[in-house]
*Asks:* 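Just passing along the structure, written as structure tokens.
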2 protein chains.
Amino acid sequence: MSVTIKDVAERLGVSAVAVSKALNDRKDISEKLKRKVRETARKLNYTPNSIAKRLVTNKSNTIGVFIFSRQEHTFSKDLGLQFLGGILEEANKNNYDIVIFSIDSDLLNKKSYIELCKERKAEGAIFTGLRLDDPHIGKIKNSTFPISIIDTFIEGKNVNFVSTDNKLGVRLALDYLWGLGHRRIAMINGHRNAQVSRKRLNAYRDYLKEREVYDERLVFRGDFTEDSGYQCAKKIMRLKELPTAIFVASDLMALGVIKAFKESSFKLPEDMSIIGFDNISIGEYIEPSLTTIGQDAVGMGKWSVRLILNEIKGIRLQKKCLLKPKLIIRDSCSIVNDGKLHKQLKERLE
Amino acid sequence: MSVTIKDVAERLGVSAVAVSKALNDRKDISEKLKRKVRETARKLNYTPNSIAKRLVTNKSNTIGVFIFSRQEHTFSKDLGLQFLGGILEEANKNNYDIVIFSIDSDLLNKKSYIELCKERKAEGAIFTGLRLDDPHIGKIKNSTFPISIIDTFIEGKNVNFVSTDNKLGVRLALDYLWGLGHRRIAMINGHRNAQVSRKRLNAYRDYLKEREVYDERLVFRGDFTEDSGYQCAKKIMRLKELPTAIFVASDLMALGVIKAFKESSFKLPEDMSIIGFDNISIGEYIEPSLTTIGQDAVGMGKWSVRLILNEIKGIRLQKKCLLKPKLIIRDSCSIVNDGKLHKQLKERLE
DNA sequence: AGTAATTACTTAAACGTTAAAGTAGATTTT
DNA sequence: AAAATCTACTTTAACGTTTAAGTAATTACT
């Protein structure tokens, strides 16, 4: 078996507890012994057994992570890995382990997320891509340990919420389109069961109603897949009165939208301005490159960990953390292209 | 504190061991007691403490995972998440936990990967994106527990290797170009410190030498970044005698190559055929869409787990697992475009 | 009927660590 | 010089589980 604290103790002729204390740099151990302990520990190639430590201290230093990255979801392409990167960085920096679970495994048919965490004595859990119709939502609400959920707001004593400021994101997008002269702006939204869909739709509606150009018939419902974007775009093309711009609630759908318009030999962005949401990497490479609202996905990962750690420490600063999105201007939007207005704007912008 | 086996035992007036055995469905416990135990365990909301179990059984059911996804690396865009998906699925299916570490954390300045695993009593470790010049390579070689490394071959008693059959991949790519009539085929390779670079270069060289068209001057060295692809493409454009096709050792570099040629108003694919390697998602969306060699990244993740689990069980079928790549034909390659040959081929293909 | 085997438990011990309480011996205080 | 304090340890116990060994009570065998 492997070298334990006992072996080190024996070698030095002291008690195991003395060794433990020495290694933990406690002040009731002489410097001399500490030095000797460290030395022989190294010589014997001692490695602490974190499992034993966790058992006795009743502290697992573990956070469970669930990334729901089913095909249909926005995250599948890029964001998931960015969240994870942020989570890992912040957790490891604070000496926490990340145990990550596959969502598609049939493990979950037997045990809930909460049970998986409890068995491992995880001190917290992070969810990304959780759907409002998930069967385990109830258990999450009543969790006895801190939880951070990215992008899905759920009420619960121990539940924290991390997201992009969607309202601001939508405003950035619409301000930009508005500034380019667009007044007839359609929206393609994600599916009903994603929190962000509702947020984004509300923000869109409020913005346009305020300016008295809201038109219900210009709102379309996709499901975050590329194909749904494609289908919605087809519907838009069949409208009697075309919009001049489309605000698409995810980049993935925007890819489908672009595809559809290109197939129908629209010239982009002249004939239709398209703005996405997420800033997935593909957006840089398609033609026209996609103007979009960028989310700070790495930051969201970090904050999901921070909120949990704060709660563990008993600091309860906030339950909610909204990160600022930013407008990323590329080539998929142009100044509005309808006669007079077009000309006016062109002059003004020059 | 939480409910333990003891609480259940007390409630039923039996010993804790009896409860443990009942829950583990041992045969020296009566069906009657088993039923009662299960029932009260549920009633009391008992959750097993896996930490205690791990300590006493000396089995952590944990595999450590290290994904080196620094910006410069191919994986950063897509493959990392696919590997992880495969790893998770296979591990969780077999009741193993995945503990994943951030590589950029300064944790690693203090402790080696091996130490991190040993402390947690991980039964195995998986590395992806490991570089040959990594400072901890020596410790990996001498590991006392099984390790799987994706895409980097390292000799070592307990080290398994999972990769794409690169030789086959290169042959698929070159066969395809050859079939389109290309004879002057350049290569843009990745950096020296990636195993796959060497493999791919050797396969490329062998293939062309066999057909007596190898030309050393057509080999360029990138470093897997998009920009390096761009730079190499610029060099290629300055050649006196242009190649008609370029085999690029990663899709990410191929993106840079395409960018460079488009900027110099080459018509793609007519003026230059480009084939990549990896099949990252962006390839589908750029113009022209990228013909490439697809890797079974999810499968690689799964196999990296399987090899470790086999070794743990004492089954030592193989140390090496090469997954079959496949040619993914899109629009970035055309039949060769130089006079006679072009015409001939066109006739033959029609 | 008496011994052997089986059933269904129990008790003791262990896994490697740490927290809490105890204790000699040295040092300081008064 | 006696009491109080401090230093540097040691001993005991615990964390929640499992394995191994033990033991009554029942059943089976000859």
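Chain identifiers are assigned alphabetically (A, B, ...) following the order of the sequence lines, protein sequences preceding nucleic acid strands; residue numbering begins at 1 within each chain.
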*Asks:* Quick one: label B:Ile51 by what it contacts on the DNA or RNA (base, sugar-phosphate, nothing), any heavy atom closer than 4.0 Å.
*Replies:* nothing

*Asks:* Would you say A:Arg26 reaches C:dA19's phosphate, i.e. side-chain N/O to OP1/OP2 under 4.0 Å?
*Replies:* yes

*Asks:* Is any side-chain heavy atom of B:Leu323 less than 4.5 Å from a side-chain heavy atom of B:Gln295?
*Replies:* no

*Asks:* If the test is ring pair (Phe, Tyr, Trp, His ring centres under 6.0 Å), which one of A:Phe145, A:Phe101, A:Phe68 qualifies with A:Tyr113?
*Replies:* A:Phe68

*Asks:* Determine the contact category for B:Thr4: base if any of its heavy atoms lies under 4.0 Å from a base atom, sugar-phosphate if only primed atoms, P, OP1 or OP2 are that close, otherwise nothing.
*Replies:* sugar-phosphate

*Asks:* Less than 3.5 Å between a donor and an acceptor, one on the side chain of B:Lys21 and one on the base of C:dT10, is that the case here?
*Replies:* yes

*Asks:* Could you check B:Arg120, B:Lys121, B:Arg54, B:Lys59 and say which one makes a salt bridge (charged side-chain N to carboxylate O under 4.0 Å, His left out) with B:Asp97?
*Replies:* B:Arg54

*Asks:* Rounded to whole Å, how long is the line connecting atom CG of A:Leu23 with atom P of C:dT18?
*Replies:* 8 Å

*Asks:* Side chains of B:Leu84 and B:Ile100, heavy atoms from C-beta outward: is any pair under 4.5 Å?
*Replies:* yes

*Asks:* Find the distance A:Ile5:CD1 to C:dA19:P and express it as a whole number of Å.
*Replies:* 11 Å

*Asks:* When you get a sec, tell me which of D:dG16, C:dT17, D:dT18 is the closest nucleotide to the side chain of A:Ala52?
*Replies:* C:dT17

*Asks:* Just call it for B:Ser30: base, sugar-phosphate, or nothing, with non-hydrogen atoms closer than 4.0 Å on any strand.
*Replies:* sugar-phosphate

*Asks:* Write down the distance between CG (B:Asp28) and C1' (D:dT26), rounded to a whole number of angstrom.
*Replies:* 16 Å

*Asks:* Let me know the distance between CD of B:Glu10 and P of C:dT10, rounded to the nearest Å.
*Replies:* 13 Å

*Asks:* Given C:dT17, D:dG16, D:dT10, identify the nucleotide with an atom nearest to the side chain of A:Val14.
*Replies:* D:dT10

*Asks:* Take the angle between the ring planes of A:Phe66 and A:Phe127 and call it parallel below 30°, perpendicular above 60°, tilted in between.
*Replies:* parallel

*Asks:* Between atom CZ in B:Arg120 and atom P in C:dC15, what is the gap in whole Å?
*Replies:* 23 Å

*Asks:* Any side-chain N or O of B:Thr57 less than 4.0 Å from the OP1 or OP2 oxygen of D:dT17?
*Replies:* no

*Asks:* Would you mind reading off the distance between A:Lys27 atom NZ and D:dC9 atom P, rounded to a whole angstrom?
*Replies:* 15 Å

*Asks:* Given that A:Ser50 and B:Ser15 both sit by DNA chain C, which one's nearest nucleotide is further toward the 5' end?
*Replies:* B:Ser15

*Asks:* OP1 or OP2 of C:dT18 sitting under 4.0 Å from any side-chain N/O of A:Ser20?
*Replies:* yes

*Asks:* Describe the nucleic acid contact of B:Asn49 in one word from base, sugar-phosphate, nothing, applying a heavy-atom distance below 4.0 Å.
*Replies:* sugar-phosphate

*Asks:* Quick one: B:Asn24 CG to C:dC9 P, roughly how many Å, whole number?
*Replies:* 15 Å

*Asks:* What is the distance, rounded to the nearest whole Å, between atom CG of A:Asn58 and atom C1' of C:dT17?
*Replies:* 13 Å

